[in-house]
Amino acid sequence: TDTADIVKGFEIGAVDYVTKPFHLAELLSRVFTHLELKKARDLITAQNQQLEQQNRALQACYARKEQQYRLLIENVADGIGIIREGKWVFVNDALSAMLGFTANQLIGNALLALVHEDYKAELRQTYQRFETGEFEPGWQVLQCIIRGDGRELWIEGRQSVIEWEGCPAILVSMRDISQHKFREIEIEREKEQLRAENVQLKASLKERYRFDKIVGKSQAMQEVYKLILDAAASDANVIICGESGTGKELMAQTIHALSN
């Protein structure tokens, strides 16, 4: 039948049909239209193929860059982390080891939870400056961190603002300066101890040249101290002679205080 023939023609690749009798102008118009459609389809197909090639090239490029960045981040000695809305969203292996937690334990948790209570207010101020746009990138000594094992950890870090998954975030690069910081604390403690010892030494030196209420360090005064001791140890009567204002009464009081 005519219908069966038409369907069969479409099944084997026909795009149109005409019936007899046909007009030449109509036939040429139909042929021209289908040629244009073929050209358009071929152009679209070629453009799609080109876009697919470009897309594959971009994906390969991004994959290489991601691999390079990951190799860089995972192999640097510094701890690298990203904080968004106050919580960790990324940490590298160095940072996990530095803080004494696994990456899974850190991701989704707040940095503030790790900070010593004495330094939390300063960190809150940093977050406030970030939220108000007053955040200034740069290196600074961060607050004392409490590691997973309970030990104190001092960190020097650099913070900068980045975009992470379409949202603003803070990129932090951290270095462990605990050994240096603890040495500073120890040096300061030693300084305070030396100051205290110095004060005590000065007091001892002052007492060294004091004999009861008499003070003096000259050789002549040392001889006077000897005479006072001899007189205090003796049962004999003692007469002290001298001009007015030379300390006769003070010496008599000292001999009396030291004698039996």
Side-chain angles (χ1 to χ4, degrees), residues 5-18 27-114 126-127 129-140 142 148 155-176:
D5 291 339
I6 293 171
V7 171
K8 185 175 181 181
F10 282 129
E11 289 177 349
I12 62 177
V15 294
D16 199 358
Y17 72 94
V18 292
L27 179 61
L28 292 176
S29 179
R30 285 175 177 269
V31 172
F32 177 78
T33 298
H34 286 296
L35 289 174
E36 291 298 319
L37 289 174
K38 177 67 167 59
K39 290 180 181 179
R41 285 194 296 269
D42 292 344
L43 179 60
I44 292 173
T45 301
Q47 290 177 341
N48 285 338
Q49 291 176 349
Q50 184 179 5
L51 289 175
E52 289 178 359
Q53 291 176 354
Q54 292 176 351
N55 186 43
R56 287 194 295 269
L58 288 174
Q59 288 180 346
C61 180
Y62 289 149
R64 287 194 301 271
K65 288 185 177 181
E66 182 180 0
Q67 183 180 15
Q68 291 171 353
Y69 289 148
R70 183 166 294 278
L71 286 173
L72 177 63
I73 290 175
E74 295 299 344
N75 289 279
V76 294
D78 291 352
I80 305 295
I82 297 175
I83 300 172
R84 188 178 63 190
E85 297 179 351
K87 297 180 180 180
W88 296 108
V89 294
F90 172 82
V91 293
N92 69 345
D93 292 342
L95 184 58
S96 298
M98 188 184 302
L99 298 180
F101 294 93
T102 65
N104 290 334
Q105 289 174 324
L106 291 172
I107 299 298
N109 291 313
L111 170 61
L112 195 63
L114 303 177
T126 299
Y127 287 154
R129 290 194 298 270
F130 171 72
E131 293 174 356
T132 57
E134 301 175 0
F135 185 82
E136 296 182 359
W139 285 96
Q140 65 180 31
L142 300 181
I155 296 292
E156 180 184 55
R158 186 182 190 281
Q159 308 175 66
S160 58
V161 179
I162 65 169
E163 184 175 301
W164 179 264
E165 296 180 347
C167 298
I170 301 176
L171 173 66
V172 294
S173 175
M174 296 183 172
R175 297 173 182 171
D176 183 357

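The figures that follow rest on heavy atoms only: side chains count, while hydrogens, waters and symmetry mates do not.
When side chains are defined from C-beta on, Ile82 does not count as touching Ile170, because their heavy atoms never get closer than 4.5 Å.
With a 6.0 Å radius and a threshold of 12 heavy atoms from other residues, nucleotides or ligands, Gln105 has its CD atom above the threshold.
When every heavy atom of Ile83 is checked against every heavy atom of Leu111, the shortest pair comes out as CD1-CD2, 3.6 Å. Looking at every heavy atom in both residues, Asp176 comes nearest to Ile155 through CA-CD1, 4.2 Å. The nearest pair of heavy atoms linking Gln159 to Val172 is CG-CG1, 3.7 Å. The nearest pair of heavy atoms linking Thr102 to Ser96 is C-OG, 4.1 Å.
Pairs of residues two or more places apart, or lying in two chains, that qualify as side-chain hydrogen bond (donor to acceptor under 3.5 Å, both in side chains) and include a residue from residues 33-42 are Asp16-His34, Lys38-Asp42.
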Indicate every side-chain donor-acceptor pair of residues 49-61 with a distance under 3.5 Å to a residue at least two apart or in another chain.
none

Please lay out, stage by stage, how Leu114 and Asn109 fare under the test side-chain contact (heavy atoms from CB on, under 4.5 Å). CA-CA 9 Å; Leu114 303 177; Asn109 291 313; over 6 Å; no
Test side-chain contact (heavy atoms from CB on, under 4.5 Å) applied to Ile80 and Leu171, step by step: CA-CA 7 Å; Ile80 305 295; Leu171 173 66; 3.9 Å; yes
Please step through side-chain contact (heavy atoms from CB on, under 4.5 Å) for the pair Met174 and Met98, ending with a clear verdict. CA-CA 9 Å; Met174 296 183 172; Met98 188 184 302; 4.2 Å; yes
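When the salt bridge (charged side-chain N to carboxylate O under 4.0 Å, His left out) test is applied to Glu165, the partners found at least two apart in sequence or on another chain are Arg84.
One distance of note links CZ of Phe32 with CG of Leu37; it measures 10.0 Å at 0.5 Å rounding.
Each of Phe101, Phe90, Trp88 was compared with Leu95 under the side-chain contact (heavy atoms from CB on, under 4.5 Å) criterion, and only Trp88 meets it.
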